[in-house]
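To keep things clear, I will list the structure first and then write my remarks on it.
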Amino acid sequence: MLNLHDTATGTVRPLLQRQAGKVSIYACGPTVYDLPHLGHGRYVLVWDVLRRYLVAQGLEVTFVSNITDIDDNIITRAAEEGRSEAEVAAEYERRWFEALELLGVERPDGVPHATEYVETMVALIGRLIDDDVAYTTSDGVYLDTSKVADYGLLAGQPLESLRAGARVDEHAEKRSALDFALWKAAKPGEPTWPAPFGEGRPGWHTECVVMALDLLGEGFDLHVGGQDLRFPHHENERAQAVADGRVFAAHWGHSGWVMVGGEKMSKSLKNFTSLTDLLAQSDARAYRLLCLQAHYRAPVEVTPPTIAQAEATLRRLDNLARRFEVGAIAPTPVVLADHNVEPELLANFTAAMDDDLDTPRAFALVMDAVSAANSAADRGDLDRAHLLAQSVVVLFGTLGLGLDGATVEVDATSAALAAERDAARLERDWARADALRAELEARGWIVEDRDGVTTLGR
RNA sequence: GGUGGCGUGGCCGAGUGGUUAGGCAGCGGCCUGCAAAGCCGCGUACCCCGGUUCGAAUCCGGGCGCCACCUCCA
C-alpha cells in the first residue's frame with residue numbers, strides 16, 4: 001500500500017482508492033506557448049514514476065493530464081508571431097509530446113484541452129453566480145473566496161497572512177485580494193466565447209476543475225502538479241468545486257523544484273534549459289536517473305555536471321546489462337507480479353517506494369544489487385548473479401529506466417578484427433593486439449576481454 | 001513586510017538520537033600481457049553558538065546564510 005504525502009493534510013498517508021484496484025489521477029499539464037523546460041520535465045518524470053509504480057503493483061491507473069491551449073501567454077505569442085492562437089498551441093503541444101516521448105514518459109490516458117471545455121466552464125460559472133458565490137465586475141467574473149468554507153487548505157498558511165502578504169494590485173471591484181477571475185471579459189483582438197454573463201474567455205483555474213470532474217468524476221483519487229501550483233492554482237480549483245457542492249480530489253501531491261546553482265529554474269530568471277536541448281545533448285535516461293536519486297518533493301540540482309554524473313552511473317548499469325545480457329524492459333510499464341525478482345530485494349524496494357515514493361532509497365537498494373550481482377559472478381555463482389541482474393533490470397524498469405544491454409549485431413569486419421586480436425594475443429603479439437583494439441575502439445566499440453575473448457559492445 | 005522550508009564529505013544526494021545510505025569523482029589493492037569491465041578497501045561529512053541527553057548531524061533555543069510561496073510559473 002502506497003503512502004504518499006498529502007498537501008491537504010500535510011501528512012504522509014495511504015493513497016486510498018475510490019474504487020478498489022483502480023486509481024484515478026489528474027495532473028495539471030502545460031500551457032503550450034513555448035518549448036518545455038527542465039522544470040516541466042521534472043514534474044512529468046515524478047508523476048510518471050508514481051504512475052508506473054502503481055501499475056507495477058497491479059493497479060489499474062487512469063491518468064489524465066490537460067493541455068492549456070488558451071491563455072495570456074499564448075495570445076501574446078500568437079500576436080508576436082503573427083499567427084493564430086490555435087496554431088501556436090498546436091505546435092507547442094506537438095513539441096511537448098515529442099519531448100515526453102524521448103523522456104520515456106507514458107502518454108496520459110486522457111488529454112483534455114481547455115478550449116474543448118468552455119461550455120462546461122460557462123455552465124459552472126453560471127451556477128456559481130446563481131448561488132451567489134461568484135460576482136461580476138466590469139472585467140469579468142470572480143469567485144468570492146470568503147464564501148468557500150476552508151479556503152486556504154492547500155496554501156498551508158493562514159488566510160490572514162495570505163491577505164496581508166498579497167502584493168496583487170488592488171482591484172477596486174474585487175471584494176477581497178484573494179478573489180480570483182473565473183472569466184475574463186472580452187478584449188479586442190482576443191479569442192472569445194459567448195456567455196450569459198458576457199463574452200470572454202475562461203480564467204486559468206476553471207478549466208482543470210471542469211475537466212478533472214468530467215473525466216475522472218467526483219472524489220477522484222489524486223491530483224498532482226509542481227509545487228508552484230499548490231497555491232493559488234490548486235487552491236482555486238478546489239475552491240470552485242467546493243463552491244459548486246462537488247467533492248473534488250481526495251489526495252494532493254506536489255513535486256519539488258529544479259535548481260540551478262541553488263536557485264529555482266524559472267523563465268523569469270532566464271536560467272532555464274529547454275528539455276528539447278537537454279535531450280539533444282545527453283542520454284535521455286540521465287535526467288530520469290537524476291530525478292530518481294533525489295526525493296520527489298526535494299529540489300534537485302540539474303546542471304551539466306550533475307547530468308554527466310548520472311550518465312556515468314548509467315554506464316555502470318549498462319555494463320551490468322551487457323555482462324549478463326539482460327535487456328531493457330522500460331519504457332513498457334512493468335507489472336512486478338509477472339517477473340522473478342530476488343525476494344528480499346523486492347520486499348525492501350517495495351517498502352521504500354511505499355514510503356512516500358522514496359526513490360533515493362529504492363535506487364540505493366538496487367545499486368547494492370548491482371554490486372552483489374557482479375560479485376556473485378566474480379566468485380562463480382552464476383545463478384545468483386543472473387537472478388540479481390535480472391532483478392535490477394526489472395526494478396529499474398518499474399521506475400521507467402531501461403538498461404541498454406541488448407545484444408548488438410557485430411558487423412563482419414569488426415568480428416574479423418576481434419578474431420585477429422584474439423589470435424595475436426595467443427601469439428603474445430601485444431603490439432598487434434593493442435593496435436587491433438585501438439582500431440575496434442575507433443569503430444565505436446567498447447572492447448572487453450571476457451574469459452580471454454574479445455567481446456564487443458556499444 | 002507576512003509565511004513555510006533548507007544548510008550533510010570534491011560534486012550530487014538520502015537518512016536516523018548511539019550501528020555503511022547510494023551515485024559520481026579521487027586514492028590504494030586484486031584481476032589483466034597492458035587495459036577495459038568487475039571486486040575489495042579508504043576518505044573518519046553533517047553552517048555557527050548554547051542547551052537537553054550516558055550519547056545529537058539527528059531534539060530545543062539563539063545566530064548566520066540560502067531557497068521558496070504570498071504574483072504568471074512545473
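Since the model is a prediction, treat every value here as computed from it, not as a measurement. All values below were derived from every heavy atom in this structure, side-chain atoms included, with hydrogens, water molecules and symmetry-related copies excluded. Numbers restart at 1 for each chain; the letters A, B, ... are given by sequence-line order, proteins then strands.
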**Message:** Rounding to an integer number of Å, can you tell me how far A/Met353 CE sits from B/G22 P?
**Reply:** 20 Å
**Request:** For A/Ser371, answer base if it contacts any base atom (sugar-phosphate contacts may also be present), sugar-phosphate if it contacts only those atoms, and nothing otherwise; contact means non-hydrogen atoms under 4.0 Å.
**Result:** sugar-phosphate
**Message:** Suppose you measure atom P in B/A74 against the same atom in B/C40; what distance do you get, rounded to whole Å?
**Reply:** 44 Å
**Complete:** Rounded to whole Å, the CG-P distance (A/Asn374 to B/G22) equals 16 Å
**Request:** Pick the C1' atom in B/C69 and in B/U8, then give their distance to the nearest Å.
**Result:** 25 Å
**Asked** Given the rule in the salt bridge (Lys or Arg N to Asp or Glu O under 4.0 Å) test, do A/Asp48 and A/Arg52 qualify, once you have shown the distances and angles that lead to the verdict?
**Response** CA-CA 6 Å; A/Asp48 182 64; A/Arg52 286 170 182 277; 2.8 Å; yes
Nucleotide N/O of nucleotides 12-14 of chain B paired with protein N/O under 3.5 Å:
residue : atom : partner  : partner atom : Å
B/G13   : OP1  : A/Glu301 : N            : 2.8
B/G13   : O2'  : A/Gln293 : O            : 3.1
B/A14   : OP1  : A/His295 : N            : 2.9

**Message:** By the 4.0 Å heavy-atom rule, please label A/Arg425 as base, sugar-phosphate, or nothing.
**Reply:** base
**Asked** What nucleotide among B/C70, B/G38, B/G22 has an atom nearest to a side-chain atom of A/Phe231?
**Response** B/C70
**Prompt:** Mind checking the P distance from B/G38 to B/A25? Whole angstroms is fine.
**Reply:** 10 Å
**Item:** Gap in Å between the two P atoms, one belonging to B/C47 and one to B/C6, rounded
**Value:** 13 Å
**Message:** Can you identify which nucleotide, out of B/A25, B/G23, B/C39, has its nearest atom closest to the A/Ala312 side chain?
**Reply:** B/A25
**Prompt:** Between the base of B/A35 and the side chain of A/Arg437, is there any donor-acceptor pair under 3.5 Å?
**Reply:** yes
**Request:** Answer with base, sugar-phosphate or nothing: what part of the nucleic acid does A/Asn319 contact at a heavy-atom distance below 4.0 Å?
**Result:** sugar-phosphate
**Asked** Which residue lies toward the 5' end of RNA chain B, A/Gln227 or A/Leu317, if each is placed at its nearest nucleotide?
**Response** A/Leu317
**Message:** Students often mix this up, so state it plainly: with edges at 30° and 60°, are the rings of A/Phe220 and A/His223 parallel, tilted or perpendicular?
**Reply:** tilted
**Asked** Looking only at atom P, what distance separates B/G15 and B/G5, rounded to whole Å?
**Response** 16 Å
**Asked** When the nearest nucleotide of RNA chain B is assigned to A/Ala433 and to A/His233 on a heavy-atom basis, which residue is associated with the more 5' position?
**Response** A/Ala433
**Asked** In a check of side-chain hydrogen bond (donor to acceptor under 3.5 Å, both in side chains) between A/His205 and each of A/Glu235, A/Glu237, A/His233, which one passes?
**Response** A/His233
**Request:** Would you tell me if any nitrogen or oxygen in the side chain of A/Lys264 comes within less than 4.0 Å of OP1 or OP2 on B/C69?
**Result:** yes
**Atom-pair distance (OH on A/Tyr26; C1' on B/A74), nearest Å** = 14 Å
Between the protein and nucleotides 6-8 of chain B, which nitrogen or oxygen pairs are less than 3.5 angstrom apart?
none

**Asked** Does B/A68 pair with anything, Watson-Crick or G-U wobble, both distances under 3.5 Å, and if so, with which nucleotide?
**Response** B/U3
**Asked** So does A/Asn73 get a side-chain nitrogen or oxygen closer than 4.0 Å to the phosphate oxygens (OP1/OP2) of B/C72?
**Response** no
**Request:** Check whether the side chains of A/Arg316 and A/Asn319 place a donor and an acceptor atom closer than 3.5 Å, and report yes or no.
**Result:** no
**Request:** Measure across A/His254 and A/Leu229 and return the closest heavy-atom pair with its distance rounded to 0.1 Å.
**Result:** NE2-C, 4.4 Å
**Asked** In whole Å, what separates the P atom of B/C66 from that of B/G28?
**Response** 39 Å
**Message:** Below 30° counts as parallel, above 60° as perpendicular, anything between as tilted: where do the rings of A/Phe231 and A/Tyr151 land?
**Reply:** perpendicular
**Request:** Starting from P on B/A74, measure out to CG on A/Leu100 and report it in whole angstrom.
**Result:** 13 Å
**Message:** Is the terminal nitrogen or CZ of A/Arg175 (NZ for Lys, CZ for Arg) located under 6.0 angstrom from the six-membered ring centre of A/Tyr142 and within 45° of that ring's axis?
**Reply:** no
**Request:** Anything under 30° is parallel, anything over 60° is perpendicular, the rest tilted; go ahead and classify A/Trp47 against A/Tyr296.
**Result:** perpendicular
**Prompt:** A/Gly256 near the nucleic acid: base, sugar-phosphate alone, or nothing, with a heavy-atom cut-off under 4.0 Å?
**Reply:** base
**Request:** Using only heavy-atom distances, decide whether a donor-acceptor pair under 3.5 angstrom links the side-chain of A/Asp434 to the base of B/G33.
**Result:** yes
**Item:** Side-chain donor/acceptor of A/Asp449 to base of B/C34, under 3.5 Å
**Value:** yes
**Prompt:** Atom CG of A/Asp429 to atom P of B/G33: distance rounded to whole Å?
**Reply:** 15 Å
**Message:** What's the closest nucleotide to the side chain of A/Arg42 if the choices are B/A74, B/G23, B/A68?
**Reply:** B/A74
**Prompt:** Phosphate oxygens OP1/OP2 of B/C31: is one of them under 4.0 Å from a side-chain N or O of A/Arg450?
**Reply:** no
**Prompt:** Rounded to whole angstroms, how far apart are CG on A/Asp34 and P on B/A74?
**Reply:** 11 Å
**Request:** Measure from CG on A/Leu436 to C1' on B/A35 and round the result to the nearest Å.
**Result:** 15 Å
**Among B/C69, B/G22, B/A36, the nucleotide that comes nearest once only the side chain of A/Asp368 is considered** = B/G22
**Message:** Categorize A/Arg77 for me: base, sugar-phosphate, or nothing, with a 4.0 angstrom heavy-atom threshold over every strand shown.
**Reply:** nothing
**Message:** Distance check, C1' atoms only: B/C49 and B/A56, in whole angstrom units.
**Reply:** 15 Å
**Request:** Please work out which of the three classes, parallel, tilted or perpendicular, describes the rings of A/His386 and A/Phe324, given edges at 30° and 60°.
**Result:** perpendicular
**Request:** Mind checking A/Met265 for me? I need base, sugar-phosphate or nothing, with any heavy atom below 4.0 Å counting as a touch.
**Result:** base
**Asked** If you measure from the ring centre of A/Trp430 to the centre of the six-membered ring in the base of B/G33, is it under 5.5 Å, with the planes under 30° apart?
**Response** yes
**Message:** Give me the distance, rounded to whole Å, that separates B/G65 from B/C59 when you measure between the C1' atoms they each carry.
**Reply:** 22 Å
**Message:** Need one value for A/Gly39: base, sugar-phosphate or nothing, where a base atom within 4.0 Å counts as base even if backbone is also close, heavy atoms only.
**Reply:** base
**Request:** Quickly work out the A/Asp179 CG to B/U71 P distance and round it to whole Å.
**Result:** 12 Å
